[in-house]
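A quick write-up on the structure given underneath.
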Amino acid sequence: MPEISRRGALGAGAGIAAATALGATGTARASTAAPVNPPAKTGKPDYLFPLAASAPATFDGGSLRGAHEQNFPVLAGQQGSVYLVHLDPGGLREPHWHPSAWELNYIISGKADWSILGTHADGSYHNEAFTASAGELVFAPQGFFHYFANSSTTEGLDVLVMFNTSTGEPNDDIGIVGTLNSLPREILAASFGVPVSAFAAVPKDLKPVVITRRR
């Protein structure tokens with residue numbers, strides 16, 4: 001399992017402290033780590049990003065707001081980005097993994113059902129399934145397959161997600177839908193030991209789902 005560097009852990013800790021200022025709608029102040037190259041002057045504070053007030057990407061099941069090097073230039077080269085995920089009742093984050101980043105997930109409000117699958121020293125796959133509550137922190141190692149879902153059918157879930165990469169989320173995210181649909185149906189059938197017809201009802205779109213809901 002990858003180890004968090006001392007610098008990375010301290011940076012993540014600062015992010016968690018900022019998360020305590022977030023409510024269900026969330027407001028937060030960005031950290032003031034010095035950039036490698038000072039950003040160009042825009043008339044706005046260089047080190048402040050309106051995360052909770054930023055325009056969300058909306059989905060059937062929730063929404064996603066993020067601060068990364070594309071929309072918060074001070075993060076360029078800093079190996080850090082942060083996202084505010086909201087899941088409606090029944091909402092879930094598409095099962096996925098990140099090829100080049102670990103993530104820390106701070107539960108701001110609500111409860112989340114988690115599943116994390118990865119390899120271990122004994123050479124086998126280990127899957128851990130658990131529920132995380134407000135005030136708790138979940139670590140997903142780099143490359144481990146995982147998802148989280150809102151445990152509640154009546155209340156929303158808010159999670160602050162921190163990565164040790166500055167790139168935007170779509171550039172370091174491989175979801176289960178795209179993964180399965182990148183493979184021929186006969187290869188999937190052979191791998192699962194079932195007839196090809198078992199995958200007949202699976203949509204063939206090769207695109208990320210990101211957030212959806214239970215049906």
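Residues take their numbers from the sequence shown, with the count starting at 1. Values below: every heavy atom of this structure, side chains too, minus hydrogens, waters and symmetry copies. Keep in mind it's a predicted model, so treat the numbers as computed, not measured.
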> Given the rule in the side chain to side chain contact (heavy atoms under 4.5 Å, CB included) test, do H96 and V210 qualify, once you have shown the distances and angles that lead to the verdict?
Replying inline: CA-CA 9 Å; H96 64 284; V210 185; over 6 Å; no
> Does E128 CD have over 12 foreign heavy atoms under 6.0 Å away?
Replying inline: no
> Taking only residues at least two apart or on different chains, which pairs with a member in residues 196-215 satisfy ring pair (Phe, Tyr, Trp, His ring centres under 6.0 Å)?
Replying inline: F192-F199
>> Tell me if a side-chain donor or acceptor on E136 pairs with a main-chain N or O of S133 at a distance below 3.5 Å.
In response: yes
> Aromatic rings H146 and W114: how do their planes relate, parallel, tilted or perpendicular, breaks at 30° and 60°?
Replying inline: parallel
> Does the side chain of L87 reach to within under 4.5 Å of the side chain of F148, using non-hydrogen atoms?
Replying inline: yes
> How about L188 and V196: do any of their side-chain heavy atoms sit closer than 4.5 Å?
Replying inline: no
> Less than 4.5 Å apart, any side-chain heavy atom of F59 and any of L64?
Replying inline: yes
> Under the 3.5 angstrom rule, does the side chain of T153 hit a backbone N or O of P89 as a donor-acceptor pair?
Replying inline: no
>> Under a 3.5 Å threshold, yes or no: a donor from one side chain and an acceptor from the other, between T167 and T165?
In response: no
> Taking 4.0 angstrom as the limit, do D113 and R93 come out as a salt bridge?
Replying inline: no
> Passes side chain to side chain contact (heavy atoms under 4.5 Å, CB included), F49 versus N71? Steps please.
Replying inline: CA-CA 9 Å; F49 184 83; N71 63 2; 3.6 Å; yes
> Taking the side chain from N164 and the backbone from G80, do they hold a donor-acceptor pair closer than 3.5 Å?
Replying inline: no
>> Using side-chain heavy atoms (C-beta onward) and a distance below 4.5 Å, is R214 in contact with L92?
In response: yes
> Do T212 and E94 have side chains that get closer than 4.5 Å, going by heavy atoms?
Replying inline: no
>> Please report the interatomic distance OH(Y47) to CZ(F72), rounded to the nearest 0.5 Å.
In response: 9.5 Å
> Is any side-chain heavy atom of Y147 closer than 4.5 Å to a side-chain heavy atom of I176?
Replying inline: no
>> Contact between V138 and F130 at the side-chain level, heavy atoms closer than 4.5 Å - yes or no?
In response: yes
>> A side-chain contact here means heavy atoms from C-beta on lying under 4.5 Å apart; do L157 and K111 qualify?
In response: no
> Just by modelled atom types, is the H98 backbone N or O under 3.5 Å from a matching donor or acceptor in the D173 side chain?
Replying inline: no
> Quick one: side-chain contact (heavy atoms from CB on, under 4.5 Å) partners of V161, sequence neighbours excluded?
Replying inline: Y83, V85, E103, N105, V159, F163
>> Quick check for you: to the nearest 0.5 Å, what is the distance between T179 atom OG1 and W97 atom CH2?
In response: 3.5 Å
>> So does D205 get a backbone contact from the side chain of N181, meaning a donor-acceptor N/O pair under 3.5 Å?
In response: yes
> Taking all non-hydrogen atoms of both residues, which atom of P141 and which atom of I116 are closest, and how far apart?
Replying inline: CD-CG2, 4.4 Å
> With distance as the sole criterion, is a donor-acceptor pair present between the side chains of H68 and Q70 under 3.5 Å?
Replying inline: yes
> Should L104 and L160 be counted in the same cluster of Ile, Leu, Val, Met, Phe, Trp and Tyr side chains packed under 4.5 Å apart?
Replying inline: yes
> Hey, quick one: are L117 and F139 part of the same hydrophobic cluster, counting side-chain heavy atoms closer than 4.5 Å, chains of contacts allowed?
Replying inline: no
> Given the rule that I, L, V, M, F, W and Y join up when any side-chain heavy atoms are under 4.5 Å apart, are Y125 and F145 in one cluster?
Replying inline: yes
>> My understanding is that only residues two or more places apart in sequence, or in another chain, count here; which of them pass side-chain contact (heavy atoms from CB on, under 4.5 Å) with S63?
In response: P56, T58, R65, H86
>> Hydrogens and angles aside, do S124 and H126 bring a side-chain donor and acceptor to less than 3.5 Å of each other?
In response: yes
> Looking at OG of S191 and CG of L180, how far apart are the two atoms once the value is rounded to the nearest 0.5 Å?
Replying inline: 10.0 Å
> Out of curiosity, S81 OG to E169 CD, how far, rounded to the nearest 0.5 Å?
Replying inline: 7.5 Å
>> Hydrophobic cluster membership, with links at side-chain heavy-atom distances under 4.5 Å among I/L/V/M/F/W/Y: are I187 and V177 in one?
In response: no
> Roughly how far apart are S166 OG and D172 CG, rounded to 0.5 Å?
Replying inline: 11.0 Å
>> Quick check: closest heavy atoms across I107 and A132, and the distance to 0.1 Å?
In response: CG1-CB, 3.9 Å
> Do S115 and N127 have side-chain atoms, one donor and one acceptor, less than 3.5 Å apart?
Replying inline: yes
